[in-house]
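Atoms considered below: every heavy atom in the structure, side chains included; atoms not considered: hydrogens, waters and symmetry mates. Numbering of residues begins at 1 and proceeds along the displayed sequence.
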Amino acid sequence: MWSLLLLLLLWSGFEGQAQVENHVTFLPGTFQNVNISQNETVQAVVSRIPPEVAFITLQYHTLYHNATLSYTRVPVQGLSLTAADSGLLSALQPGQTLVSLFLSSPDEETVAGTGVILSYSNTEPLPGACNMEFSLDVDPNIYVRYNLYETSVRFAPANLGYERGQTPPACDMSTGTGTRWRLEYDVYRYFLPENDLSESSLFSGFQAVGDTRGMAASGRRVTTLKSTDKTTMVFSSIPGQGVIYSVIVRDPVLNTSASYVPAHTYACSFASTLDGCQTLGKISTKVFFTMAGLAGLFVCFFGHRFFKCEMFCMGFSFAAFFFFVLITRTTQLDYDLRLAVSAMVGVVGGVVLVMSWWRFGSVMACVVVVGLMLGFLVASVVLFTPLGDLDVFRKSDVVFWVTFCCIMLTFPLFFMRWPREGNITTCGVVGAYAVVLAANAYVYTSLSYITLNVLKRFLNNNFSAAFTDAPFQAVDYAMMTVWAGLGVAGVVLQLYRERSRPFFPPSPYLMWLQERERRKTNVLDPSHHVPSLPGRLMEQARQLVRRREPAGEHTPLLL
C-alpha cells in the first residue's frame, strides 16, 4: 500500500497536476489548470531547468476574470500584471535551476484559469525586452482593446537573446544587422468555435496555440511587421466570436523565434447584463431583421410578379440604410430610436419609389435602383474576401470607395439591356440574403459581416486600417448553402413563371389615362354616357333640395 501511494505521488508530481497548499509545480510546455481562491496566493514553481535555457515565460489565462501574476508574493507596481491574459518573463542567472512566480485574485473571488511555462535558449529573441510603453521592464504581453467597430492589438518590441549572466544588448544604440532592428514580427489570429463561450473551449484553444509551433500550425498569419513598423494592429470587431491573438518574433539571421503571451477577446462584456456576451442582439434588432427576412423570402420567390411590393422593399432598404448612416454620424440618439426612425424613413422611401413608378411608369428608373441594390451587395461580397485586406484598400479610403462604386455601378448598365432578367436575379439574391440576416439575429454567422463591414466603414473614419476577414466555420457554410439554394430556386421559379407574361406590369396611372380616353371616344361603350364624378355628385346634391313630385298618374294611358 505504501509503495502504491508513493508511486501515485511521484506520478502526479511528474505530470504537474498537484496544487497543494498554495503551491503548483509546472513542467515546461505542459498546460496546468490552476484555481485561485479568494485571498489566496498561489506559488508557481518550475524546477530542474536545464543550463541551456536562458529565459522562461509564464502565461496564465482566464475566461474573463482578472488574475494577478507577480514576481513577488505581494504584488508591486512594475513587478506584477493584472489581466485576463497575463505573462511574465524571467531571465535566468548562471547556475539557476528554479524559478518561482506568484498568482493571486485581485477581486476577492475565485478565479479558474490555465497556465504554461515556456523555455527559450540564448539564441532566441526576448519578447517585449525593449518595452518603453507599458509598466513592466520586460513585457511579453499582448494588449487587446475593442469597441463596437474595431479591435486593436498592441505589444512592446523585442530584443536579441543573450546568455545567462550577460548584459542585454542595447535597444536603440544603432540600427545595424547585429541589433534588434533585424527582428520581424508575425501577427497571428486564431478563431475559437462559433457560438461557444465556454471556458473549456477557450482553454482548448490556448493549448492548441499557446506556443510558437502550435500557433504557426493552427493559427492564421495576418501580416508580418518589420522592426521599423508600429507594433499596433487593428482588426474588425466581431462581438460574440472568440479570437486569440498572438505575435511570434523571429530572428532571420539565427533562424530562431519566440512567442509573446497570447491574448483573447470576444469583443463583448461578460459582466454586462443588458447586452453582454450571453445576451447579444437587441430585441429591436431581432424584430427588425425578422420582418426583413420575411419580406426578403417573399421577394425572393414572388417579387417580380408583385412588382409594387418589390419596389416598396427595395426603396425601404435603400432609404433606411443611408438614413441610418446619416443620423448615426450626425446625432447621438439611442440605438433603438435610430433604428425606429430609420424604419420610418425607409417606409417613406418605399412609398416614394412605388408612387414614382405608379405615376410616371418609368421601368428603367426603377431598374436602376434595383441594379444599385444588387451592385451594392456584390461589391460588399468582393471586398469581404481577402482582396479587401490588401494594403491598397486599407491605407486609402479613396481607392476603396472608388473601387466599391465602380463595381456597384456596373450592374445598372447590364440591367438596361436585360431588365427583366436583372430584376428577377436581384429578387433572388437580395431576398435570400435578407433571410440570412434574419437568421443571424438568432444564430451567429459571419455572412452578416459582408454588409456590416461596409456599414462600419461608413460610420467610423478609422475603420479603414482594420483587417476585416471573419471566420468561416460549419454554420457559415450551412448559411451559405441556404443563401445559394434560396437564391437559385427563387430566380429559376420566377423566370419559369414569367416566361410568357409581359416583361413588366404596366403603370396603373397610364392605364387609367388610356381607359379614360377610350371611354370619351367610344360612344358604344355604356360608360361613355355615364356622367362624370363631379356631375354625379352635383346631381345628388340637387336631389336633396328639389321638391318631390306627388305620387299618382297625371297622364292618360296611351293605348
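The pair Arg182-Asp251 meets the salt-bridge criterion, since a charged nitrogen lies less than 4.0 angstrom from a carboxylate oxygen. The pair Lys226-Asp229 does not meet the salt-bridge criterion, since no charged nitrogen lies less than 4.0 angstrom from a carboxylate oxygen. Residues Arg154 and Glu133 are paired through a salt bridge, judged by an N-O separation under 4.0 Å between the basic side chain and the carboxylate. Salt bridge status for Glu498 with Arg420: absent, with no side-chain N to carboxylate O gap under 4.0 Å.
Note on ring orientation: taking the six-membered ring where Trp is involved, the planes of Phe404 and Phe400 are parallel (angle under 30°, cut-offs 30° and 60°). By the 30° and 60° cut-offs, the orientation of the rings of Phe134 relative to Tyr143 is parallel.
Side-chain atoms of Asn440 and Thr445 form no donor-acceptor pair, as typed in the model, at a separation below 3.5 Å. Judged purely by distance below 3.5 Å, without hydrogens or angles, the side chains of Ser259 and Asp211 never pair a donor atom with an acceptor atom. A side-chain donor-acceptor contact under 3.5 Å links Thr451 and Tyr433. No side-chain donor-acceptor contact under 3.5 Å links Arg329 and Asn460. Side-chain atoms of Ser284 and Asp336 form a donor-acceptor pair, as typed in the model, at a separation below 3.5 Å. Remark: the Ser218 side chain and the Tyr188 side chain contain no N/O donor-acceptor pair separated by less than 3.5 Å.
Using modelled atom types, one side-chain atom of Ser227 and one backbone atom of Leu183 make a donor-acceptor pair closer than 3.5 Å. Put simply, the side chain of Asp389 gets close to the backbone of Thr468: a donor and an acceptor are under 3.5 Å apart. Panel note: side chain Trp483, backbone Ala434; no donor-acceptor pair is recorded below 3.5 Å. Side-chain atoms of Thr426 come within 3.5 Å of backbone N or O of Gly422 as a donor-acceptor pair. Looking only at distances, no side-chain donor or acceptor of Asp186 sits under 3.5 Å from a matching main-chain atom of Thr224. Although no hydrogens or angles enter the test, the distance criterion places no donor-acceptor pair under 3.5 Å between the side chain of Thr328 and the main chain of Val325.
Shown here for Leu339 and Phe288, the closest heavy-atom pair between the two residues is CD2-CB, 4.0 Å. Closest approach of Tyr260 and Asn141 over heavy atoms only: CD2-O, 4.2 Å. The two residues Ala432 and Gly487 come nearest to each other via the heavy atoms CB-N, 3.7 Å. When every heavy atom of Ala156 is checked against every heavy atom of Asp139, the shortest pair comes out as CB-O, 4.0 Å. Residues Ala441 and Lys286 come closest through the heavy atom pair O-CE, 3.3 Å.
His264 and Tyr190 have their aromatic ring centers separated by at least 6.0 angstrom. Ring centroids of Phe376 and Phe321 are separated by less than 6.0 Å, placing the two rings close together. Under the 6.0 Å cut-off for aromatic ring centres, Phe467 and Phe235 qualify, their centroids lying closer than that. Less than 6.0 angstrom separates the ring centroid of Phe155 from the ring centroid of Tyr185. Between Phe203 and Phe31, the ring centre distance reaches or exceeds 6.0 Å. Taking the six-membered ring for Trp and the full ring otherwise, the centers of Phe393 and Trp401 sit at least 6.0 Å from each other.
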Please step through side chain to side chain donor-acceptor pair (under 3.5 Å) for the pair Tyr64 and Ser269, ending with a clear verdict. CA-CA 8 Å; Tyr64 64 94; Ser269 172; over 6 Å; no

Walk me through it: do Met311 and Val370 pass the test side-chain contact (heavy atoms from CB on, under 4.5 Å)? CA-CA 8 Å; Met311 288 296 100; Val370 174; 3.5 Å; yes

With side-chain contact (heavy atoms from CB on, under 4.5 Å) as the criterion, how do Ser86 and Gln59 come out once you've worked through the C-alpha distance, each side chain's angles and the decisive distance to 0.1 Å? CA-CA 6 Å; Ser86 56; Gln59 53 182 268; over 6 Å; no

For side-chain contact (heavy atoms from CB on, under 4.5 Å), just list the numbers for Phe312 and Val351, CA-CA rounded to whole Å, side-chain angles, deciding distance to a tenth of an Å, and then say yes or no. CA-CA 6 Å; Phe312 177 82; Val351 171; 4.0 Å; yes

Disulfide bond (SG atoms under 2.5 Å apart) assessment of Cys300 paired with Cys427: CA-CA 5 Å; Cys300 180; Cys427 289; over 6 Å; no

Is there a side-chain contact (heavy atoms from CB on, under 4.5 Å) between Leu202 and Leu192 once you walk through the steps? CA-CA 7 Å; Leu202 176 65; Leu192 297 170; 3.8 Å; yes

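Figure legend: Arg417 and Phe414 shown without cation-pi pairing, the cationic atom not lying both under 6.0 angstrom from the six-membered ring centre and within 45 degrees of its axis.
In this structure, the side chains of Glu124 and Val249 stay at 4.5 Å or more apart for every pair of heavy atoms. For the pair Asn453/Phe463, a side-chain contact is recorded, criterion being any heavy-atom separation below 4.5 Å from C-beta on. Annotation: side chain of Tyr266 is not in contact with side chain of Tyr146 (no heavy-atom distance under 4.5 Å). Side-chain contact between Pro471 and Gln241 is present, with heavy atoms from C-beta onward closer than 4.5 Å. Using a 4.5 Å cut-off on side-chain heavy atoms (C-beta onward), Arg394 and Ser464 make no contact. Under the 4.5 Å side-chain criterion, counting only non-hydrogen atoms from C-beta, Leu372 is in contact with Met408. Put simply, the side chain of Leu225 reaches to within 4.5 Å of the side chain of Met233, judged on heavy atoms. Between Tyr245 and Val209, the closest side-chain pair of non-hydrogen atoms is not below 4.5 Å.
Shown are Asn147, Thr151, Thr265; of these, the side-chain hydrogen bond (donor to acceptor under 3.5 Å, both in side chains) with Ser237 is made only by Thr151.
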